[in-house]
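Here is the structure we will look at.
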Amino acid sequence: MKILVINGPNINMLGIRETNTYGALTLGEIERKIKEAASNDAIMSFFQSNNEGAIVDRIHRAYDDKIDYIIINAGAYTHTSIAIRDALLATKIPFIEVHLSNVYARESFRHQSYLSDIAEGVILGFKENSYILALAHILSRVKKN
Ligand code: DQA
């Protein structure tokens, strides 16, 4: 089972950025926690970019790499990017949309997602645990099959 975790713009600023909203952990610390939670049950890879095209390219590469699942926090591109949506549709890799914050308790422009309706599921509002819960779901599916 190969799982790719993609993080979009400004997620590299975690630990510094609006810690009340996003938590105090850095992205590196969150990635370590995810890796620990995966243990030997999955091969994890991680990607972060502030550029929409680079995220699209990484999703295309995930197809070539035969990635089984994507966990994606597209950051602000969640609310704007038809290109990331189309890349996910093109590769048909099942994915889970995650957010650290509860976007529905925030500004109305964050209530729109170009990913939610094509995601297997959406997990949001649990800070770094959103990623861990997404991973737990994927691993439980694999164990059942
Ligand atoms: C976010 C929510 C987005 O609205 C915001 O632009 C982010 C982070 C989250 O994880 O809560 O960059 O995706």
Side-chain angles (χ1 to χ4, degrees), residues 1-39 41-65 67-142:
M1 162 73 28
K2 289 160 97 178
I3 304 171
L4 170 65
V5 181
I6 298 178
N7 279 292
N10 299 305
I11 307 297
N12 58 312
M13 295 299 284
L14 292 182
I16 298 167
R17 173 188 188 206
E18 300 172 85
T19 51
N20 282 344
T21 304
Y22 297 121
L25 297 186
T26 65
L27 180 58
E29 287 165 341
I30 293 175
E31 289 179 347
R32 261 196 301 281
K33 272 181 177 278
I34 297 169
K35 232 178 172 165
E36 264 171 41
S39 184
D41 295 335
I43 300 165
M44 302 301 303
S45 49
F46 298 92
F47 179 77
Q48 189 277 329
S49 177
N50 297 316
N51 298 298
E52 187 175 21
I55 296 170
V56 169
D57 287 342
R58 187 64 191 90
I59 294 167
H60 294 172
R61 201 142 46 80
Y63 179 81
D64 299 329
D65 295 348
I67 294 288
D68 298 297
Y69 253 102
I70 292 175
I71 297 172
I72 184 165
N73 180 355
Y77 287 143
T78 306
H79 318 299
T80 62
S81 181
I82 298 169
I84 292 174
R85 175 189 177 90
D86 284 349
L88 290 162
L89 282 173
T91 60
K92 293 198 183 78
I93 299 170
F95 75 93
I96 300 179
E97 174 186 348
V98 300
H99 299 283
L100 297 140
S101 65
N102 177 358
V103 289
Y104 296 105
R106 302 181 64 196
E107 305 96 321
S108 59
F109 59 80
R110 295 183 205 277
H111 300 178
Q112 149 94 353
S113 167
Y114 278 101
L115 307 183
S116 296
D117 66 305
I118 57 163
E120 184 167 313
V122 183
I123 300 175
L124 55 94
F126 301 107
K127 299 210 166 79
E128 69 278 3
N129 281 337
S130 296
Y131 296 89
I132 306 293
L133 292 167
L135 175 66
H137 164 73
I138 295 168
L139 296 179
S140 76
R141 287 278 317 256
V142 173

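Throughout, numbering of the chain's residues begins at 1 and tracks the sequence. Whatever order the structure lists them in is the order used to number ligands and atoms, beginning at 1.
- With contacts defined as side-chain heavy-atom distances shorter than 4.5 Å, the pair Ile84/Ile6 does not qualify.
- Two residues are said to be in side-chain contact when any heavy atoms from C-beta on lie closer than 4.5 Å; Thr19 and Lys127 fail this criterion.
- For His111, the ring pair (Phe, Tyr, Trp, His ring centres under 6.0 Å) criterion is met by Tyr104, not counting sequence neighbours.
- Using a 4.5 Å heavy-atom cutoff, the side chains of Val122 and Ile96 are not in contact.
- There is no side-chain donor-acceptor pair under 3.5 Å between Asn10 and Tyr22.
- Looking at heavy atoms from C-beta onward, Ile67 lies out of side-chain contact with Thr91 at the 4.5 angstrom threshold.
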Please tabulate, one line per pair, the protein N or O atoms found under 3.5 Å from any N or O atom of ligand 1, giving the distance to one decimal.
{"unit_1": "ligand 1", "atom_1": "4 (O)", "unit_2": "His79", "atom_2": "NE2", "d": "2.7"}
{"unit_1": "ligand 1", "atom_1": "4 (O)", "unit_2": "Arg110", "atom_2": "NH1", "d": "2.9"}
{"unit_1": "ligand 1", "atom_1": "6 (O)", "unit_2": "Ala76", "atom_2": "N", "d": "3.2"}
{"unit_1": "ligand 1", "atom_1": "6 (O)", "unit_2": "Arg110", "atom_2": "NH1", "d": "3.1"}
{"unit_1": "ligand 1", "atom_1": "10 (O)", "unit_2": "Asn73", "atom_2": "ND2", "d": "2.9"}
{"unit_1": "ligand 1", "atom_1": "10 (O)", "unit_2": "Leu100", "atom_2": "N", "d": "2.8"}
{"unit_1": "ligand 1", "atom_1": "11 (O)", "unit_2": "Leu100", "atom_2": "N", "d": "3.3"}
{"unit_1": "ligand 1", "atom_1": "11 (O)", "unit_2": "Ser101", "atom_2": "N", "d": "2.9"}
{"unit_1": "ligand 1", "atom_1": "11 (O)", "unit_2": "Ser101", "atom_2": "OG", "d": "2.6"}
{"unit_1": "ligand 1", "atom_1": "12 (O)", "unit_2": "Arg17", "atom_2": "NH1", "d": "3.2"}
{"unit_1": "ligand 1", "atom_1": "12 (O)", "unit_2": "Arg17", "atom_2": "NH2", "d": "3.0"}
{"unit_1": "ligand 1", "atom_1": "13 (O)", "unit_2": "Asn73", "atom_2": "OD1", "d": "2.8"}
{"unit_1": "ligand 1", "atom_1": "13 (O)", "unit_2": "His99", "atom_2": "ND1", "d": "2.8"}

